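Remarks on the structure that follows.
In this text the structure is predicted, and so the values were computed from the model without any measurement.
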Amino acid sequence: MTADLLFSSLQLSAPELMLAGGAMFLLMVGVFSGEKSLTLVNGLAVALLIAAGLWLVLVTDNGVAYNGAFINDSFARFMKVLALIGSITAMVMSVGHAKTDRIDRFEFPVLLVLATLGMMLMISANSLISLYLSLELQSLALYVVAAFNRDNIRSTEAGLKYFVLGALSSGILLYGASLVYGYTGHVGFAEISAALTAETPSLGLIFGMVFLIAGIAFKISAVPFHMWTPDVYEGAPTPVTAFFSAAPKIAAMAIFVRLVSHAFEPAAAQWQQVVVFMAIASMVLGAFAAIGQRNIKRLMAYSSIAHMGFALVGLAAGSQAGVRGVLIYMLVYMVMTLGTFACILAMRRKEEGNVEQIEDLAGLARTNPFMAAMLTILMFSLAGIPPLAGFFAKYVVFLAAMQAHLYALAIIGVLASVVGAYYYLRIIKIMWFDEPAGEFVPVAGELKLVFGVSGLFVLFYVMFSNPLGLAADVAAKTFF
């Protein structure tokens, strides 16, 4: 690589380099300042993520770096901005709960920054090697934060389950990557696509593709690779669960889209069947399994499985409209989920501390009308009730499926939405019509801000839908 090419590559990856250097700096600040440095490190970590986001939007150009291993384009920029927003919001939400959830150590924000760095590199991965390395960077940080509260048996169990199953999924993905390399002779996505165009995919190559998809499906909690999700969501500290539910899902879905729409685009007839199966299985299992849940974090885990199924409906279409639908769906899903987790973090009583049972929301409309109103809006949106954002997100992915003649998939999606509406409406009923179960402590300002902004965004989504739709359209055109 010449000096000019190296300089160009460094420019294209400047936001990622900022996060890498910043994480090392924050680690040193924490080490030399001692345990009392949490507030300072947290504030600097949020500022670092904001600076990286601004640099990404205002300065960074499109291009390919590091001999094709890293790509920056409209799609990468769109998804990176979403991932950064998710990370920043989750970090801000954790501030008031660090002591309660025993995550009040300076390593916590540093690990979140490193996980975000892994996500950004994964979104820009343009070869099988950079995909695997970025996935592992993200995963190693997430394994640690899942078990961050070492004194809590549920948290350590969640971290162990996530680590064991995550290691298995990484092995599956790596095996798939080795098969793809063995049968095509390439690791770059563009070269793999060219090799698939030149000749009919062999059985071994299809096996490799399926293993790769399986490894990534684990990260988005798609059925049948969902088994870690309910236990990790329930066991991990709630601020960590809020982080898990947003940013990593964005990054994993981004690389999923890039992989099938770019590297494996000539083999659409093969991967489309796998994606359709995962979409149907995720929507149906997520809808029915959530009905019997009493813990709100477990319910949100099954809800996220169902929503990833809905997003995969758009991907299964294999068209520009489908990818656009996935981008809009992930944006709306992230906002709805972060708002809901802000409300879950606010479920705190003086005597009991944080409570997680759905019944604990009883009578919330009388004890905290604003929080009840925002959570109601978010639940209606998650259920896909018009004219809220969740309805439009489902509409765009189902429309893309219909345009691709996947009528059965779209119908199953609508029916799964109807089933899923039951458990969302049940929460609304408990909040507004049941007798109060006791009052929560006053809600922290940052949580009120997050669920307030989320609720208003969902409610007035129609006003922003046009510019957001145009941005998603520009990003989707990257592959078509």
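Judged by distance alone, the side chains of Tyr424 and Ser303 do bring a donor and an acceptor atom under 3.5 Å apart. A donor-acceptor contact closer than 3.5 angstrom is absent between the side chains of Lys477 and Ser74. Side-chain contact, Tyr302 with His226: no donor N or O sits under 3.5 Å from an acceptor N or O. With hydrogens and angles left out, the side-chain atoms of Thr238 and Thr241 include no donor and acceptor closer than 3.5 Å. Under the 3.5 Å distance criterion, with hydrogens and angles disregarded, a donor-acceptor pair is assigned to the side chains of Tyr66 and Ser13. Side chains of Asn62 and Arg77: a donor on one and an acceptor on the other come within 3.5 Å. Side-chain contact annotation: Lys219 with Ser139, donor-acceptor N/O pair under 3.5 Å present.
Between Phe310 and Phe398, the ring planes lie perpendicular to each other; the angle is over 60°, past the 30° to 60° tilted range.
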Please set out all donor-acceptor pairs under 3.5 angstrom arising from side-chain atoms of residues 180-187, sequence neighbours excluded.
residue : atom : partner : partner atom : Å
Thr184  : OG1  : Val180  : O            : 2.7
Thr184  : OG1  : His186  : N            : 3.3
Thr184  : OG1  : His186  : O            : 3.4

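Looking at Lys249 and Ser221, their side chains come closer than 4.5 Å, going by heavy atoms from C-beta outward. The closest side-chain heavy-atom distance from Pro248 to Gln138 is below 4.5 Å. Here the side chains of Tyr329 and His307 are in contact, with some heavy-atom distance below 4.5 Å. Side-chain contact between Asn295 and Ile358 is absent, with no heavy-atom pair separated by less than 4.5 Å. Between Phe341 and Val450, the closest side-chain pair of non-hydrogen atoms is not below 4.5 Å.
A salt bridge links Arg298 and Asp231; the closest N-O separation between the charged side-chain nitrogens and carboxylate oxygens is under 4.0 Å. Under the 4.0 Å criterion applied to side-chain N and carboxylate O atoms, Arg294 and Glu356 are not assigned as salt-bridge partners.
Under a cut-off of 6.0 angstrom, the local environment of CZ in Phe163 is sparse, with at most 12 non-hydrogen atoms contributed by other residues, nucleotides or ligands. For Phe479, the CZ atom sits in a packed shell: over 12 heavy atoms of surrounding residues, nucleotides or ligands are nearer than 6.0 Å. In this structure, Phe207 places its CZ atom where only 12 or fewer heavy-atom neighbours from other residues, nucleotides or ligands lie under 6.0 Å away. For Ile129, the CD1 atom is loosely surrounded, since the number of other residues' heavy atoms within 6.0 Å does not exceed 12.
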Any chance you could lay out the ring-ring contact (aromatic ring centres under 6.0 Å, His included) test for Phe244 and Tyr233, step after step, and finish with the verdict? CA-CA 8 Å; Phe244 271 35; Tyr233 269 48; 7.2 Å; no
Evaluation steps, ring-ring contact (aromatic ring centres under 6.0 Å, His included), between Phe457 and Tyr461: CA-CA 5 Å; Phe457 175 86; Tyr461 175 75; 5.8 Å; yes
